[in-house]
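A short worksheet on the structure shown next.
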Protein chains: 2
Amino acid sequence: MGSLMTTKTDPSPSSRLRDSKRTAILDGAREVFLREGFTGGSVDAVAAKAGVGKQTVYRHFGSKDGLVIGLVRAMCDVPELEADAGTTGDLINALRRELRAFAEGLVRPESMQLYRAIVAEAERMPELGKLFYDAGPKVIRQRLTEILSSRFSEREAREKAEMLVQLTLGEAYFELTLGLAEADTKRLHRQIDKALRVIIGEG
Amino acid sequence: MGSLMTTKTDPSPSSRLRDSKRTAILDGAREVFLREGFTGGSVDAVAAKAGVGKQTVYRHFGSKDGLVIGLVRAMCDVPELEADAGTTGDLINALRRELRAFAEGLVRPESMQLYRAIVAEAERMPELGKLFYDAGPKVIRQRLTEILSSRFSEREAREKAEMLVQLTLGEAYFELTLGLAEADTKRLHRQIDKALRVIIGEG
DNA sequence: TCATAACGAGACTATATGGTCTCGTTTATG
DNA sequence: CATAAACGAGACCATATAGTCTCGTTATGA
């Protein structure tokens with residue numbers, strides 16, 4: 001059955017039609033589930049939004065939970081950003097660049113909605129939490145640690161990286177997750193600069 | 001209709017029976033909604049768990065959303081802890097006491113589940129978020145600011161208070177909300193001491 | 001071209017839900 | 001003691017949901 005060329009273990013032969021439907025379904029799932037949550041959103045709504053028969057959804061993902069996992073996997077499978085080839089500029093600037101990219105990515109409405117949906121199901125489906133964590137907070141922590149290793153000990157680098165991440169999000173993250181405020185880039189930048197001053201020192 | 005004695009605007013005359021049923025319903029709602037979320041939990045389940053007719057639930061709270069709001073209000077309406085009458089001990093110890101109480105309260109399973117349920121509905125019912133925020137993060141920030149005002153300027157006190165809160169939760173809070181770890185008091189205490197060292201200085 | 005795989009639409013089942021209504025019983029109160 | 005309020009149980013309704021099945025159509029790939 002499987003093509004000899006296929007390096008993946010995926011048994012489904014990829015075809016143009018099949019792939020296009022799959023992405024259409026994932027697009028629909030993103031719209032529906034991020035707006036209404038995994039529990040609140042229905043498979044019917046996803047199928048309708050995707051312009052696809054309900055059966056097609058089940059052919060592709062097997063069940064609603066399968067669809068949810070497929071969506072989170074797709075949204076978290078961002079191709080690992082290549083590490084800065086040579087830290088252009090000084091340490092502070094490298095850190096600031098990383099923190100800004102991280103923070104701005106995390107507070108995007110889409111990310112916030114994904115986070116909320118995942119948190120809601122954290123007890124029932126912790127694997128979703130792991131996908132999100134590994135794609136977001138874990139990556140930034142590792143990247144910061146790497147950058148900081150050029151000046152600090154391994155242990156110090158790890159500690160400072162973690163604190164930078166926390167201080168970067170700051171109070172804003174509470175307010176965002178709870179729906180009390182909207183993303184504010186300027187505020188994030190101020191927060192990041194303050195964090196750098198406190199944790200690294202004067203730049 | 002209303003009694004002349006009543007100082008509240010609440011039109012319902014309190015009676016022993018009525019009050020006992022109300023708390024029974026809220027107990028049931030806590031069990032059901034914190035386990036299954038506001039969307040996932042059903043009014044039928046709440047009524048059954050409370051040993052109460054469904055109609056009684058609707059007599060008391062009007063609708064499912066009303067019940068949800070009632071529950072969150074009840075859980076967040078903790079009687080304001082009286083401020084430490086005279087900061088016994090030094091500044092660091094006062095701060096540490098506050099931070100420990102806050103952190104340990106926030107990572108209790110019940111609080112985490114409430115936070116998750118509220119976050120899930122943040123878009124649809126932001127008033128829930130406000131209730132939670134005002135009862136938790138906002139209070140600790142104010143209390144810390146007050147304590148810090150004895151040594152720092154108003155602005156510095158506010159900034160340090162906010163940073164202390166963030167560093168106290170640290171990475172652990174991400175892991176807890178996403179369902180990747182369990183509450184660990186020792187880890188929290190270590191985190192708090194580190195935060196105090198970084199933000200306030202050697203103790 | 002032709003067999004096959006994937007498709008859209010929609011009927012269909014079983015179940016669950018929010019919410020209303022009734023009715024006979026228990027509890028409070030004047 | 002008697003009236004009224006609050007109750008439990010459960011029937012009831014309209015709607016929604018996850019998931020299955022069929023059937024006629026469209027696209028793929030040899």
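Note that the structure is a prediction, hence the values are computed from the model and not measured. Lettering follows sequence order; numbering is per chain, from 1.
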Length of the line joining [X]:[atom1] and [N]:[atom2], which is rounded to integer Å:
X: Tyr58(A); N: dC7(C); atom1: OH; atom2: C1'; result: 17 Å
X: Phe61(A); N: dT20(D); atom1: CZ; atom2: C1'; result: 19 Å
X: Leu67(B); N: dT17(C); atom1: CG; atom2: C1'; result: 14 Å
X: Lys49(B); N: dA9(D); atom1: NZ; atom2: C1'; result: 19 Å
X: Asp19(A); N: dT28(D); atom1: CG; atom2: C1'; result: 13 Å
X: Lys64(A); N: dA16(D); atom1: NZ; atom2: P; result: 15 Å
X: Lys54(A); N: dA18(D); atom1: NZ; atom2: P; result: 7 Å

Query raised in the report: Gly62(B) near the nucleic acid: base, sugar-phosphate alone, or nothing, with a heavy-atom cut-off under 4.0 Å?
Result: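 No contact at all - Gly62(B) keeps every heavy atom at 4.0 Å or more from the nucleic acid.
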Report task. With heavy atoms under 4.0 Å as the rule, sort Gly41(A) into base, sugar-phosphate or nothing. Result -> sugar-phosphate
Requested in this report: For the pair Glu159(A) and Arg155(A), evaluate salt bridge (charged side-chain N to carboxylate O under 4.0 Å, His left out) and give the outcome as yes or no after the intermediate values.
Outcome: CA-CA 6 Å; Glu159(A) 282 189 1; Arg155(A) 184 174 154 281; 3.4 Å; yes
Short side-chain N/O contact to [N] OP1/OP2 from [X], under 4.0 Å:
X: Arg59(A); N: dC7(C); value: yes
X: Lys21(A); N: dG8(C); value: yes
X: Thr56(A); N: dG8(C); value: yes
X: His60(B); N: dC7(D); value: yes

Report task. Go through dG18(C), dT20(D), dC7(C) for me and flag the one nearest to the Asp44(B) side chain. Result -> dG18(C)
Query - Closest listed nucleotide, where the reference is the side chain of Arg18(A) and the choices are dG19(C), dC7(C), dA18(D) - result: dC7(C)
Report task. Would you mind telling me which residue lines up with the more 5' stretch of DNA chain D, Val52(B) or Phe38(A), judged by nearest nucleotide? Result ->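 By nearest-heavy-atom nucleotide position, the 5'-most residue is Val52(B).
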Requested in this report: Using the closest heavy atom to pick a nucleotide of DNA chain D for each, name whichever of Val43(A) or Gln55(A) lands nearer the 5' end.
Outcome: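 Comparing both residues, the 5'-ward one is Val43(A).
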Requested in this report: Take Glu121(B) and Thr39(B) through the side chain to side chain donor-acceptor pair (under 3.5 Å) test and state the conclusion after the steps.
Outcome: CA-CA 8 Å; Glu121(B) 310 287 326; Thr39(B) 302; 2.6 Å; yes
Which atom pairs, one a donor and one an acceptor, fall under 3.5 Å between side chains of residues 27-34 of chain B and the rest of the protein, sequence neighbours left out?
{"from": "Arg30(B)", "atom 1": "NE", "to": "Glu110(B)", "atom 2": "OE2", "distance (Å)": "3.4"}

**Report entry** salt bridge (Lys or Arg N to Asp or Glu O under 4.0 Å), paired with Arg187(A), selected from Glu104(A), Glu175(A), Glu171(A)
**Finding:** Glu175(A)
Query - Validation row, ring centre Tyr173(A) to ring centre Tyr173(B) under 6.0 Å - result: no
